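The next block holds one structure in the form of structure tokens; read it before the comments.
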Amino acid sequence: MLQTLPAPHAPKLLSWYDRHHRELPWRVSPAAAKAGKRADPYHVWLSEVMLQQTTVQAVKSYFAKFLTLWPKVTDLAAAPVEDVMAAWAGLGYYARARNLKKCAEAVAAKHGGVFPDTEEGLRALPGIGGYTSAAIAAIAFNRQSAVMDGNVERVISRLHAIDAPLPGSKPLMKAKVAELTPSDRPGDFAQAMMDLGATICTPKRPTCALCPFRDDCLAFAEHDPESFPVKAAKKEKPVRFGAAFVAVTPEGEALLKRRIESGLLGGMTEVPTTAWTSRVDGGTTADHAPFPAGWEACGTVTHVFTHFELRLSVFRALTEKVAVDDGWWEPVTNLETQALPTVMKKAIAQAIPRAFEKHPN
DNA sequence: GATCCGTGGCG
DNA sequence: TCGCCAAGGAT
């Protein structure tokens, strides 16, 4: 079959981007970019890490909060890691926060507080992988790097009607992205591809009528863009069970502890729990409470993680302030300042329904 | 390459 | 209601 000459994809997309780009707090407009203005590498890095597997809407308030708390990367490098974890609480994938802090420290200590301006230099930093290094290099430094995230995978798989399943087809798609990426305005091109995927070439019901690639898109020509990208079948989530114990003193203090640095919810704050096992009888009673008290069952909470579902039986007790060697007693009015992941907030709210109401200062 | 890592919104 | 999915990285 004869191969047609490559259509001028990049200019079409950039022209679309000039008119339809999203305006986001960490961006500079295409007009400003054409005049040579670049986004602050610290802002680009912070937003890119927050945006890993996370929606723009969820990121916006966290991005603003972090810039208020730590205006420069050197401020973040000097911050207590507990403060960073607490500020990140609720955003998920907490290894990102631990690596964010490590990365800021590395930039401050090894690079004089200035981000490396190459893909390779960025890739060597904690929490910066193949996607993020390419994105920062393109967006902050206008490097001609091939940027491929989930949006770009969708656009590319449709444009070329790639029917090999992800993730095996990633190298092929990456090659197609590299082929498409222009030397002129590579940063805007990367952002344009992601904007196209986020607003036009959406997973469901793409708006092909408005797409600058409509006349070039093989999936559109085949009348079935929604069937791309093809993905490998996923396995079902197992269910795990456990119990959570919310102890409160008459003075209104709750017992908290810190999880180990690695693994699930690493370094975050929790209430005492049993181990989370696949068996119902592994910890749904008060038998394994941290200490004897008048433990009272107050229902269950369910939380779905990436690879399993957790059902926690919640117990509460009004107790005296017993001495604990691996935790501390925190005023309930102060819980909002703690690095509590969502599942722990659910458990505490189950035991103390008004725990997370706003308190007057 | 496969597995582990959160969360909230949406159709 | 519930499966899907969102600017992935580390091991």
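Letters go in sequence order (proteins before strands), and every chain restarts at 1. The shown structure was predicted, so the numbers you read here are calculated from the model rather than taken from an experiment.
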Within the sub-3.5 Å range, which N or O atoms of nucleotides 9-11 of chain B have a protein N or O partner, and how far apart are they?
none

Write out all pairs satisfying side chain to side chain donor-acceptor pair (under 3.5 Å) with one or both partners inside residues 30-53 of chain A, taking only residues at least two apart or from two chains.
Asp18(A)-Lys34(A), Glu48(A)-Tyr131(A), Gln52(A)-Thr132(A)
For Val147(A), answer base if it contacts any base atom (sugar-phosphate contacts may also be present), sugar-phosphate if it contacts only those atoms, and nothing otherwise; contact means non-hydrogen atoms under 4.0 Å.
nothing
Name the residue closer to the 5' end of DNA chain B, choosing between Pro171(A) and Ala95(A) according to the nucleotide with the nearest heavy atom.
Pro171(A)
What is the distance, to the nearest angstrom, from the CE atom on Met344(A) to the C1' atom on dG6(B)?
13 Å
Expressed in whole Å, how much space separates the P atoms belonging to dG6(B) and dT11(C)?
14 Å
Using a strict cut-off of less than 4.0 Å between a Lys/Arg side-chain nitrogen and an Asp/Glu carboxylate oxygen, indicate whether Lys321(A) and Glu253(A) qualify as a salt bridge.
yes
Might you confirm whether atom CZ of Arg205(A) has over 12 heavy atoms from other residues, nucleotides or ligands at distances under 6.0 Å?
no
Which nucleotide sits closest to the side chain of Lys235(A): dT3(B), dT7(B), dC5(B)?
dT3(B)
Below the 4.0 Å mark, does dC4(B) have OP1 or OP2 next to a side-chain nitrogen or oxygen of His307(A)?
no
Who are the side-chain hydrogen bond (donor to acceptor under 3.5 Å, both in side chains) partners of Gln144(A), not counting sequence neighbours?
none
Search all heavy atoms of Cys211(A) against all heavy atoms of Ile200(A) and return the closest pair with its distance.
CB-CG2, 3.7 Å
Who passes salt bridge (Lys or Arg N to Asp or Glu O under 4.0 Å) against Arg27(A), sequence neighbours left out?
Asp195(A)
Counting the atoms with a prime plus P, OP1 and OP2 as sugar-phosphate, which does Trp26(A) contact under 4.0 Å by heavy atoms, base, sugar-phosphate, or nothing?
base
N or O in side chain of Tyr94(A) less than 4.0 angstrom from dT7(B) OP1/OP2:
yes
Any side-chain heavy-atom pair from Asp216(A) and Lys12(A) closer than 4.5 angstrom?
yes
Please determine if a side-chain N or O atom of His303(A) lies less than 4.0 Å away from the OP1 or OP2 oxygen of dG6(B).
no
Does Lys60(A) have any side-chain hydrogen bond (donor to acceptor under 3.5 Å, both in side chains) partners at least two apart in sequence or in another chain, and if so, which?
none
Categorize Ile139(A) for me: base, sugar-phosphate, or nothing, with a 4.0 angstrom heavy-atom threshold over every strand shown.
nothing
Rounded distance [0.5 Å steps], OH in Tyr94(A) versus CZ in Arg259(A):
11.0 Å
By a strict heavy-atom criterion of less than 4.0 Å, which residues belonging to residues 149-159 of chain A are in contact with DNA chain C?
Asp149(A), Gly150(A), Asn151(A), Arg154(A)
How is Lys234(A) classified with respect to the nucleic acid when contacts are heavy atoms under 4.0 Å: base, sugar-phosphate, or nothing?
sugar-phosphate
Specify the residues of residues 59-91 of chain A, ordered by number, for which at least one heavy atom lies under 4.0 angstrom from an atom of DNA chain B.
Gly90(A), Leu91(A)
Using the six-membered ring wherever Trp is involved, compare the ring planes of Phe291(A) and Trp295(A) and label them parallel, tilted or perpendicular (cut-offs 30° and 60°).
tilted
Can you tell me how far P of dC4(B) sits from CZ of Phe305(A), to the nearest Å?
14 Å
Quick check: on DNA chain C, is the nucleotide nearest Gly127(A) upstream (toward 5') of the one nearest Arg22(A), or the reverse? Name the residue that is more 5'.
Arg22(A)
Any residue of residues 257-268 of chain A with a heavy atom less than 4.0 Å from an atom of DNA chain B:
Gly263(A), Leu264(A), Leu265(A)
Within residues 193-201 of chain A, which residues have any heavy atom lying less than 4.0 Å from an atom of DNA chain B?
none
With sequence neighbours excluded, residues passing salt bridge (Lys or Arg N to Asp or Glu O under 4.0 Å) with Arg98(A)
none
With heavy-atom distances below 4.5 Å as the criterion, would you say the side chains of Lys174(A) and Ile156(A) are in contact?
no
For the rings on Phe305(A) and His307(A), is their centre-to-centre separation under 6.0 Å?
no
Please check if the number of heavy atoms outside Lys65(A) that lie under 6.0 Å from its NZ is greater than 12.
yes
What distance separates Leu125(A) CG from Glu105(A) CD, expressed to the nearest 0.5 Å?
12.0 Å
So, do Leu46(A) and Leu67(A) sit near enough that their side-chain heavy atoms are less than 4.5 Å apart?
yes
His160(A) NE2 to Asp163(A) CG distance, which is reported to the nearest 0.5 Å:
13.0 Å
Listed once per pair and sorted, the salt bridge (charged side-chain N to carboxylate O under 4.0 Å, His left out) pairs that draw on residues 231-249 of chain A, sequence neighbours left out
none
If you take all heavy atoms of Arg154(A) and Gly197(A), which pair is closest and at what distance?
NH2-O, 2.7 Å
Rounded C1' spacing from dA7(C) to dT3(B) in Å:
22 Å
By the 4.0 Å heavy-atom rule, please label Pro167(A) as base, sugar-phosphate, or nothing.
nothing
Is any side-chain N or O of Thr342(A) closer than 4.0 Å to OP1 or OP2 of dG8(B)?
yes
First contact, last contact: which nucleotides of DNA chain C are these for chain A, 5' to 3', heavy-atom distance under 4.0 Å?
dC4(C) to dA10(C)
Give the minimum heavy-atom separation between Phe213(A) and His9(A), together with the two atoms involved.
CE2-O, 3.4 Å
Within the 4.0 Å heavy-atom criterion, would you say Ser47(A) contacts the bases, only the backbone, or no part of the nucleic acid?
nothing
